[in-house]
There are 2 protein chains.
Amino acid sequence: MTPERALALLRHVPIFQGAQEADLLPLAERGHFLGLMRGRHLFQAGQTVESLYVVASGSVRVYRLARGGRRELTLHVEGPRQLVAGIAAFQSRAVYPAHAQALQSPTEVLALPVEAVRQAVFNTPTLAQAVIAYFARRQAELLGRLDSLVFSELGERLAAYLLDHAAETPHALPTNSELAALLGTVPEIISRKLGEFYRLGLIVLERRTVRVCDVAELARLAGHTVTAEDAAREAGR
Amino acid sequence: MTPERALALLRHVPIFQGAQEADLLPLAERGHFLGLMRGRHLFQAGQTVESLYVVASGSVRVYRLARGGRRELTLHVEGPRQLVAGIAAFQSRAVYPAHAQALQSPTEVLALPVEAVRQAVFNTPTLAQAVIAYFARRQAELLGRLDSLVFSELGERLAAYLLDHAAETPHALPTNSELAALLGTVPEIISRKLGEFYRLGLIVLERRTVRVCDVAELARLAGHTVTAEDAAREAGR
DNA sequence: CGACATCTTGATCAGGGTCAAACCCAGTGG
DNA sequence: CCACTGGGTTTGACCCTGATCAAGATGTCG
């Protein structure tokens, strides 16, 4: 029974697209589903890597803690058909580099033993190729994240977030703490900045639902125009 | 002539260790050497990716610019036998994500056309495997970098740098601007912090050569002890 | 010796982290 | 129906790190 469902899921995972059914089957056979309540952990940073996870439903947040645990930084939030610990699975000294917890209450994931995954990937050139492309993309994302965190200030990051998630449709905001973790700060500051944006008439807030009013100005704040002009200048030098 | 030298170099590149001579030969044939003076660029961020580089001698700095170019952040410095743009080479929408420039005056690199590299890697399972492991390692490094930049403050980062580079042997410091780019700040602050460390008796500075006096205290400042204890606590929860 | 880069240092400022109090809601149970 | 409680939010006061600007000191090299 399980292999059926597992296979159905695997078939729809982006990086497994190129693979033959036959390559996926052994993987599906060795996987098992896991149900989690909101807040439950898939793994903690520092534990030795045993599985790679594919989200079946719900969503999973991957994050790192600052020493002392006072602050946390969300690295990514993965929805259905996305991988969790996809990179850690291929590290030699295999220890999870981050924590992962379920964000929504019925979250279901498929756990795949890492050796099985490694075997499947190493034996199937098309898979290896897909994995390489995936890693490359991930790394580019991470780089983007890095310099937005290092170079730009909170206002820009928040504006960018709002444009991403609430650009045209109203959007239910996560709690301030979740936002803070996402943007690399603390809840209080999120509250202040949102208030500021509201006072400037850029957004409307109604019971944790946000609607963007002034897209143009928000984009300016997010540094989009600047970045574009910048890229041009950079290239020209 | 060139293929000879290129092959000799490739044989010593860590990620090509597992490969057969025969797999490397076509690569070597399509590569060519490039000499660069200090400060010359191998490529700029935003240019389309044409080559992957292997450092033959000297060193290459890979860095990103903040919008406006006011500040820069050094991602890594690669010495002989190391790759530059190793990840970018496998991205589909292939544009360099960073700038790369020679750091020492006679720096020599071997440029390998990306399609040649891709072919070699995709046709040789052991190579693909090595590339995957390499990417995973790189990603872990980047994550470490990220949270040291986000979570810890300058004193800690500088202390960590000093421990890394000058722990027992005296070490010729790079210029303050280079240090600043490495640690994500500006030269003035580096100057102040170094002065502070000196006044505390942690280091001795003599014409840009630094020697660490109080390793223990420096390690404490770097948060090493904290981090360790932390990891333990983390794991225990 | 002059030109130029780098380093040092002071003065000042802004972003944002911290702490604490007040507030705004749900639920929940009396 | 109403206090009571507890999570999340808002706000004020305060402080600290690090950025910026500007002047001077130091060095290095032709």
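Per chain, numbering begins at 1; letters A, B, ... match sequence-line order.
- Regarding A:R208, its CZ atom lies at a distance of 13 Å from the C1' atom of C:dC25, rounded to whole Å.
- Taking the six-membered ring where the residue is Trp, A:F135 and A:F90 present perpendicular rings, their angle passing 60° and hence far from 30°.
- Helix bend of the helix from C:dT8-D:dA23 to C:dA21-D:dT10: the angle between its two end axes, each built from five pairs, comes to 30° after rounding to 10°.
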Table of protein N/O atoms under 3.5 Å from nucleotides 18-22 of chain C N/O atoms:
{"unit_1": "C:dT18", "atom_1": "O4", "unit_2": "A:R192", "atom_2": "NH2", "d": "3.1"}
{"unit_1": "C:dC19", "atom_1": "OP2", "unit_2": "A:R70", "atom_2": "NH2", "d": "3.4"}

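- Checked by atom type and distance alone, the side chain of A:R61 never pairs as donor or acceptor with a backbone atom of A:A102 at under 3.5 Å.
- Aromatic ring orientation, B:H99 versus B:H41: perpendicular (interplanar angle above 60°, classes split at 30° and 60°).
- Among the atoms of the strands shown, only primed sugar atoms or phosphate atoms (P, OP1, OP2) are found under 4.0 Å from some heavy atom of A:L154.
- The nearest whole Å value for the distance from the CG atom in A:L205 to the C1' atom in C:dC24 is 15 Å.
- A:E153 has its CD atom 11 Å from the P atom of C:dG17, to the nearest Å.
- When the P atom of D:dT10 is taken as reference, atom CG of A:L194 falls 7 Å away, rounded to whole Å.
- Taking the side chain as every heavy atom from C-beta outward, A:L83 and A:Y53 never approach each other to under 4.5 Å.
- D:dT17 atom P lies 19 Å from atom CZ of B:F151, rounded to whole Å.
- By the side-chain hydrogen bond (donor to acceptor under 3.5 Å, both in side chains) test, A:Q139 is found to be paired with no residue, residues two or more places apart in sequence or in another chain being considered.
- Per the geometry, NZ belonging to B:K193 stands 18 Å off P belonging to C:dC7, to the nearest Å.
- Here the side chain of A:D214 pairs a donor or acceptor atom with the backbone of A:E217 at under 3.5 angstrom.
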